[in-house]
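Nothing fancy with the numbering, it's 1 onward along the sequence.
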Amino acid sequence: MTPTNRKEELMAFDVICLITEWAPAVAACRESRGINFYWNAPENPNGDDLPFATERNYRGFDFIEASFYYEILRDQLPTLPRNKADAFLGCVLMDFGQDCPELPEDLADDVGIELPCDEIYYSMRPATVRTVLERMRAVPWAEIEQAAHDADMPSPIRKYDIRDIEHFLFIIEMHQRWLDEAARTGRGLIVLRSQ
């Protein structure tokens, strides 16, 4: 499947971020042989549905657009900022270009089964969360912003296309907030897609 087709296929989805205690999440995933531990959890009107996870939700379309924006911007970045940005963004954005890093799949690795890629955006055990935060802190964001302001970006095709650095950074800051919360509480992240 080409990246464009994949992008079109994934546009209409929501993102559910579980900031989770890692061992109970791995055990629940192993027991349900997938992520049905989340989808089948009884609803709790007074809080989170899973006792070991805090839930955050967001519109998934913006994640795809952020990847698309960075794919265009990436070609116009100097090598050093691009390499540092790739090391971080490859952990939180999908398909932003040739040779892009793979999203972490720590849950599948720790459970020992293949999980459906159309349902999991990325997953990070607590150690990976800390590593990804360090990569994020190493990105020269001021250089990225300046390059974005100087870049020749195509005009938006649809009214919700991300074609400006401010909107892109808003999405990146959301990933950062999730990572910060997980690191502060010693938890991992499981980011799910819901269509």
Compare all side-chain heavy atoms of Y69 with those of E65 and state whether any distance is below 4.5 angstrom.
no
Atom CG of L179 and atom CE of M124: how far apart are they, to the nearest 0.5 Å?
5.0 Å
Do the side chain of S67 and the main chain of M94 share a donor and acceptor less than 3.5 angstrom apart?
yes
Taken in chain and number order and not counting sequence neighbours, the residues that satisfy salt bridge (charged side-chain N to carboxylate O under 4.0 Å, His left out) with E134 are R137
From CG (N57) to SG (C17), nearest 0.5 Å
9.0 Å
Ring pair (Phe, Tyr, Trp, His ring centres under 6.0 Å): pairs with one or both residues in residues 116-151, sequence neighbours excluded:
F63-Y121, Y122-H175
Heavy-atom closest pair, residues P78 and P81:
O-CD, 3.3 Å
Residues pairing under side chain to side chain donor-acceptor pair (under 3.5 Å) where one sits in residues 100-116, two or more places apart or in two chains, turn out to be W22-D110, D106-R125, D106-T128, D110-R125
Excluding sequence neighbours, so at least two apart, what forms side chain to side chain donor-acceptor pair (under 3.5 Å) with N40?
none
Would you say W39 and S32 make side-chain contact, with heavy atoms under 4.5 Å?
no
Heavy-atom pair with the smallest gap, counting every atom of V26 and V111:
O-CG2, 3.7 Å
At their closest point, which heavy atom of G186 faces which heavy atom of P126, and how far apart are they?
O-CG, 3.7 Å
Might you point out which heavy atoms bring R82 and R74 nearest each other, and give the distance in Å?
CD-O, 3.4 Å
Gap separating the CD atom of E166 from the CD atom of E173, nearest 0.5 angstrom
10.5 Å
Among residues at least two apart in sequence or on other chains, which ones pass side-chain contact (heavy atoms from CB on, under 4.5 Å) with A41?
D49, L50
CG (L133) and CH2 (W178) are apart, to the nearest 0.5 Å, by 13.5 Å
NZ on K84 to CG on L77, rounded to 0.5 Å:
13.5 Å
Show the numbers, then the answer: is there a side chain to side chain contact (heavy atoms under 4.5 Å, CB included) between I16 and V191?
CA-CA 6 Å; I16 300 144; V191 180; over 6 Å; no
Residues in side chain to side chain donor-acceptor pair (under 3.5 Å) with E145, at least two apart?
none
Do E143 and L80 come close enough that some side-chain heavy atom pair is under 4.5 Å?
no
Test side chain to side chain contact (heavy atoms under 4.5 Å, CB included) applied to V139 and L89, step by step
CA-CA 10 Å; V139 175; L89 295 173; over 6 Å; no
Determine which pairs satisfy ring pair (Phe, Tyr, Trp, His ring centres under 6.0 Å) with at least one residue from residues 74-94, sequence neighbours left out, and list them in order.
none
Residues passing the salt bridge (charged side-chain N to carboxylate O under 4.0 Å, His left out) test with R187, sequence neighbours excluded, are E21
Going through the distances and angles, do R177 and R56 end up as a side chain to side chain contact (heavy atoms under 4.5 Å, CB included)?
CA-CA 10 Å; R177 286 192 300 272; R56 304 283 183 257; over 6 Å; no
So which heavy atom on L73 is nearest to which on A148, and how close?
CD1-CA, 3.6 Å
Which residues satisfy the salt bridge (charged side-chain N to carboxylate O under 4.0 Å, His left out) test with E31, sequence neighbours excluded?
none
Set of side-chain contact (heavy atoms from CB on, under 4.5 Å) partners for A25, sequence neighbours left out
T20, F52, I190
Got a sec, which residues hit ring pair (Phe, Tyr, Trp, His ring centres under 6.0 Å) with F37, two or more places apart in sequence or on another chain?
none
What pairs with E119 under salt bridge (charged side-chain N to carboxylate O under 4.0 Å, His left out), at least two apart in sequence or on another chain?
none
Would you call L192 and L18 a side-chain contact if the rule is heavy atoms closer than 4.5 Å?
yes
Gap separating the CG atom of L107 from the CZ atom of R30, nearest 0.5 angstrom:
9.5 Å
Check L115 against C29 and note the closest heavy-atom contact, atom names and distance.
CD2-SG, 3.8 Å
